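No experiment lies behind these values; they were computed from the predicted model shown. All heavy atoms count here, side chains included; hydrogens, waters and symmetry mates do not.
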Amino acid sequence: PKNYRNQKSLYYFRSAYNICSHPRSIGYLLYLTASIMGIAGFEYFFSFHLFQILVRSTHLKFIVRALAITAVPLLLIGALMFQLIYIFSVISYSFFDDRYEPTKQAYCASLLQCILTNIYYGIPSNGGLFEYLLPFEIDPWIDGITLYGVGWIIYQLAFFICFGTICLNLVFATIVDTFGQLRQNRKDAKQSLGGVCFICSLERDAFQQKGKDFTTHLEKEHNVLHYFYFLSYLKDVQRSNRHNLSALEEELVEQISQRKFLKFFPIGRTAVLEGEDDEQQVNETLLDQVERLERSIGQASSQQEKLYKYTNDTSRHLQQITEQFKEMTTELKSIMNSINV
């Protein structure tokens with residue numbers, strides 16, 4: 001009884017821990033806290049309840065999941081963009097710091113100012129940093145095209161291509177590809193749930209070819225809940241009294257303890273299809289035996305015909321010999337009679 005009470009207390013403790021640590025329980029606790037803070041006079045805490053729209057919307061959760069998957073690639077792209085910003089800022093601080101216009105809040109008096117200006121004005125404007133800088137006038141008829149002017153043009157074009165064309169499109173392409181991949185995965189998951197057995201991994205077509213009902217197979221033969229209940233039973237018996245297990249159950253518990261779960265499941269096998277295959281094999285064996293018997297009967301018939309033909313030929317030959325013997329006997333008698341006379 002004492003052991004039973006300890007197990008019961010442990011069960012209640014684990015259940016309470018699982019309930020409290022569940023993300024939904026934590027969310028409800030945060031909503032309750034926000035409500036209490038809002039009622040206490042901090043009305044802006046009521047704005048957190050808008051996240052309930054995100055929780056209840058399947059499409060919004062799909063979007064958040066896609067963004068969460070692309071977090072690492074987006075961080076890497078952000079690191080690449082910061083490296084490029086740093087390189088362009090070093091070039092602008094070294095050669096083109098006079099092109100930044102302080103009246104438009106574009107400063108480049110130091111390397112840090114160049115970095116902040118390029119980030120603040122360059123990236124949100126899709127690489128159009130020239131909109132916030134002093135225009136560079138080239139008059140080839142008076143001063144000619146200088147090396148400084150050519151460098152400034154190349155700098156502006158390179159900044160626009162790197163940030164306005166490449167980096168931002170990399171961000172968009174990563175997010176769009178993730179959406180497409182998640183949509184395809186969800187489609188494959190739905191097809192797998194509706195057309196593949198979770199236990200034996202056989203597809204619906206394998207049952208349809210044999211004339212078997214796939215739904216009946218999922219509900220009665222390979223029901224997931226039955227396997228779950230059986231594993232739970234093994235776990236409970238193993239904890240309480242392992243001596244009550246049979247030899248087969250002991251073997252299964254040993255496989256589970258060694259993390260050999262796949263040996264427990266009948267991957268690629270089911271009794272219905274195997275029974276159908278055995279019956280088909282028996283029919284094929286009987287058909288082969290019948291064919292061999294027919295061939296034997298045919299061979300015996302041909303031999304019988306040959307024997308009958310040989311017997312007829314032998315009978316005719318014996319009749320000829322008998323007739324010849326009679327003729328010879330008659331001639332011999334006639335000769336004997338002539339001699340006696």
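Between Ser89 atom OG and Ile119 atom CD1 the span is 7.0 Å, to the nearest 0.5 Å. Rounding to the nearest 0.5 angstrom, the gap separating the CG atom in Asn169 from the OG1 atom in Thr174 is 10.5 Å. Note: Ser92 OG to Ile87 CD1 = 12.0 Å, rounded to the nearest 0.5 Å. Rounding to the nearest 0.5 Å gives a distance of 8.0 Å between CH2 of Trp152 and CG of Asp98. How far CD of Gln181 is from OG1 of Thr178: 6.5 Å, rounded to the nearest 0.5 Å. Atom CE of Met37 and atom CD of Glu43 lie 11.0 Å apart (nearest 0.5 Å).
Atom CZ of Phe46 has more than 12 heavy atoms from other residues, nucleotides or ligands within 6.0 Å.
Under the 4.5 Å side-chain heavy-atom criterion for grouping Ile, Leu, Val, Met, Phe, Trp and Tyr, Leu116 is not connected to Leu111 through any hydrophobic cluster.
Thr70 places a side-chain N or O within 3.5 Å of a backbone atom of Leu67 that can act as its donor or acceptor partner. Checking side-chain atoms of Thr117 against main-chain N and O of Tyr107 turns up a donor-acceptor pair under 3.5 Å. Distance alone, capped at 3.5 Å, is enough to place a donor-acceptor pair between the Ser25 side chain and the Ile19 backbone. In this structure, Tyr100 contributes its side chain and Tyr93 its backbone to no donor-acceptor pair below 3.5 Å.
Nearest heavy atoms, Phe179 versus Ala66: CE2-CB, 3.7 Å. Taking both residues in full, the closest heavy atoms of Phe163 and Leu84 are given as CZ-CB, 3.6 Å, listed atom of the first, atom of the second, then distance.
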